[in-house]
Amino acid sequence: MGILQKADRCMDEAAALFGENKLFLAEKKAQETAGLYKSCGAYEQMAKTVNFMGVIYASIGDVSMSIDCYLEAMDVAVEQGSTEIIMLVNNNIGSLYMELGLYEKAVRYFNEALELCKPPLHGERDNYYQELLMLHLNLCISYTGINEFEKAEKHLSDAILFNEIAGSAKNRFLIDMSQAHMLWKMGNEDEVRDHVEELVEGAINNINSADYVLEILSLCNLFMNMGEFDAWKKVIVEYERFATETENLFFQKTCVKMWMKYESAIGDTEAYNKLCVYYANLHSMQVKEQIKRLGDTIDLKLQLQETEYERRKAVRLNYTDMLTGMGNKFKMRNDFEKLVSENQDSGGAGITFGVVDIDFFKSFNRNSGRVTGDAVLKEVSSIINESIRDKGMGYHFYGDEFYIILQETDEDIIKNIAEHIRLELAKKQILHESSKVDEYLTVSQAYVIAPDVKVPDEFSRLFKTVDEVLNDVKEKGRNAYKIV
């Protein structure tokens with residue numbers, strides 16, 4: 001089993017442990033996973049794993065470690081040009097602020113995440129609509145927190161819509177919770193009271209999930225404000241069972257805090273005082289004054305990262321691959337959408353989508369070393385740029401693949417470009433001892449001619465098609481090109 005496959009398996013195990021609320025075991029397994037991904041150069045997967053570690057730390061109440069993980073994941077994601085991971089990190093930072101009741105700051109990060117939440121290049125992710133659902137719910141909660149109810153209602157409606165598309169019943173409790181809080185703050189108290197039993201049932205059914213702790217706390221606060229003491233107690237009793245079974249200090253501490261509020265509200269001073277002592281004992285086992293310092297900790301760490309993050313963000317916004325000087329993933333998609341938009345009035349854009357893949361580059365890189373490998377990538381990028389000249393644009397954003405967008409649909413011209421790339425690389429006579437097709441470095445090429453692209457959404461389809469054509473070239477022996 002290769003390192004990448006081992007890392008994928010470890011990630012599945014970490015996710016399973018997290019789902020079983022074995023948070024400390026999940027954290028250790030996630031750390032192992034991140035190390036494996038890093039060792040094999042799978043940096044996007046590493047960033048996604050580190051972001052997941054941040055979620056685990058947040059679930060056990062270690063917000064300082066959580067924000068460290070989010071910032072590390074953000075750094076790698078910006079470097080790799082991964083909008084999906086940048087989106088996830090922004091959502092998670094927003095969630096930390098939301099938990100602290102700092103809703104205006106939360107709104108900023110949720111909106112940034114929503115702006116980046118787009119379908120990926122190779123079709124839609126399985127959890128794409130779930131991501132949209134959670135972002136809209138988070139915005140609904142945050143706008144409710146700052147009394148901007150019109151915006152809150154709009155995001156709630158969008159969340160309900162995306163839940164219907166996703167077809168998931170597990171989100172119903174979150175939607176009902178968000179709606180109940182919004183209606184209560186808007187003054188529609190009778191409508192909320194009509195659904196108390198449904199809220200209790202939803203809480204009990206979802207109480208064994210680590211990422212529902214915030215929602216359970218929020219529901220208890222709502223019942224406290226409503227004076228619904230029986231419903232409030234039912235939720236705490238069930239949560240206490242869960243906290244005891246998991247033997248998780250953070251959950252137990254959260255449960256004690258719930259009981260303290262409850263006993264205080266019903267006026268049982270003796271019970272409340274006993275709970276205070278118990279809570280103090282639990283609290284001494286965690287970082288002192290952690291809750292008080294949470295907001296300052298997040299602000300400080302974000303400020304320390306501001307200069308470096310802005311520099312990396314500027315690189316991303318400049319759309320440049322730092323190794324080759326070619327456009328990166330952001331530049332490629334932006335150029336495509338701009339080209340199509342500019343030609344919509346004239347009946348669509350004539351485009352050829354191409355990909356150039358260095359044959360057996362991983363083995364070359366392994367045998368020749370990273371420095372030589374980087375030099376080869378620069379050489380190939382120069383050949384591509386010289387070959388396409390004023391006919392299009394070249395891009396590089398990971399590994400051994402280069403992408404090309406040509407404002408040209410003449411098949412003979414495309415053949416000339418492909419042949420020029422092949423011959424110019426052959427002239428370089430770069431030895432490739434582990435190649436299975438030639439003693440020198442070669443490339444496989446694929447081109448898809450699209451004479452009348454009319455909508456920017458065609459990007460994902462063309463990207464997928466050209467990769468399929470490239471796979472066909474590889475299966476038939478490599479060191480060749482195919483135009484369809």
Side-chain angles (χ1 to χ4, degrees), residues 3-4 7 10-11 14 27 30-59 62-97 105-106 108-118 120-121 125 131 135 294-334 370 374 377 395-399:
I3 296 177
L4 183 60
C10 280
M11 186 61 193
E27 180 263 333
Q31 277 193 346
E32 178 186 353
T33 304
L36 289 170
Y37 279 135
K38 185 176 182 179
S39 68
C40 65
Y43 294 109
E44 285 196 36
Q45 292 97 318
M46 184 196 82
K48 190 173 289 188
T49 305
V50 173
N51 176 67
F52 176 57
M53 287 169 59
V55 174
I56 296 173
Y57 283 124
S59 297
D62 194 338
V63 177
S64 181
M65 285 295 293
S66 178
I67 195 66
D68 281 343
C69 289
Y70 293 151
L71 292 174
E72 181 183 350
M74 179 72 83
D75 277 348
V76 178
V78 170
E79 189 71 30
Q80 297 296 311
S82 175
T83 55
E84 178 191 356
I85 300 172
I86 296 171
M87 178 271 295
L88 291 172
V89 174
N90 276 325
N91 177 63
N92 290 335
I93 292 174
S95 295
L96 290 178
Y97 277 126
K105 291 183 179 181
R108 170 196 163 191
Y109 283 94
F110 290 143
N111 276 322
E112 286 186 10
L114 187 59
E115 189 176 332
L116 293 170
C117 192
K118 297 179 180 179
L121 300 178
R125 300 184 291 276
E131 291 167 355
L135 282 170
L294 289 185
D296 292 339
T297 300
I298 296 172
D299 282 338
L300 177 60
K301 291 182 180 294
L302 289 173
Q303 288 167 10
L304 291 173
Q305 289 287 327
E306 190 71 25
T307 302
E308 178 63 13
Y309 174 70
E310 288 301 322
R311 184 191 70 79
R312 292 173 181 266
K313 185 177 180 182
V315 170
R316 174 171 63 87
L317 293 176
N318 284 332
Y319 301 126
T320 303
D321 173 55
M322 300 303 291
L323 176 65
T324 64
M326 301 179 90
N328 61 15
K329 184 187 297 185
F330 295 97
K331 175 70 171 170
M332 182 179 178
R333 185 155 198 158
N334 184 72
R370 183 69 177 268
D374 286 351
L377 291 174
Y395 311 89
H396 176 257
F397 43 85
Y398 54 72

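With rounding to the nearest 0.5 Å, the separation of CG in Asp75 from CD1 in Ile86 is 10.0 Å. Note that OG1 of Thr83 and CD of Glu115 are 11.0 Å apart. Values are rounded to the nearest 0.5 Å. Rounding to the nearest 0.5 Å gives a distance of 11.5 Å between CG of Asn90 and SG of Cys117. Interatomic distance, OG of Ser66 versus CG of Leu71, reported as 9.5 Å (0.5 Å rounding). Summarising the geometry, atom CG belonging to Leu36 is positioned 12.0 Å from atom CE belonging to Met11; distances are rounded to the nearest 0.5 Å. Here the CG atom belonging to Leu114 is positioned 10.0 Å from the CG atom belonging to Asn91, to the nearest 0.5 angstrom.
Evaluation of the side-chain hydrogen bond (donor to acceptor under 3.5 Å, both in side chains) rule for Asn92 yields Asn51 as partners, not counting sequence neighbours. The side-chain contact (heavy atoms from CB on, under 4.5 Å) check on Glu72 picks up Val50, with sequence neighbours excluded. Not a single side-chain hydrogen bond (donor to acceptor under 3.5 Å, both in side chains) links Asn334 to another residue, sequence neighbours left out.
A 4.5 Å side-chain heavy-atom check between Met87 and Leu135 finds at least one atom pair inside the cut-off. Between Ser64 and Tyr57 the shortest side-chain heavy-atom distance does not fall below 4.5 Å. Annotation: side chain of Leu377 is in contact with side chain of His396 (closest heavy-atom distance under 4.5 Å).
Remark: side-chain polar atoms of Tyr70 are paired, donor with acceptor, to backbone N or O of Gly54 under 3.5 angstrom.
When every heavy atom of Met46 is checked against every heavy atom of Ala34, the shortest pair comes out as CG-O, 3.5 Å. The two atoms that bring Ala106 and Gly94 nearest to each other are CB-O, 3.4 Å, heavy atoms only. The nearest pair of heavy atoms linking Met53 to Cys69 is CB-SG, 3.9 Å. Contact detail for Met332 and Tyr395: the closest heavy-atom pair is CA-CE2, 3.4 Å.
For the pair Lys48 and Glu44, the salt-bridge criterion is not met [side-chain N within less than 4.0 Å of a carboxylate O].
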Might you work through the side-chain contact (heavy atoms from CB on, under 4.5 Å) test for Leu116 and Glu84, ending with a clear yes or no?
CA-CA 7 Å; Leu116 293 170; Glu84 178 191 356; over 6 Å; no
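In the model, Glu79 has no side-chain atom that pairs as donor or acceptor with a side-chain atom of Tyr43 under 3.5 Å.
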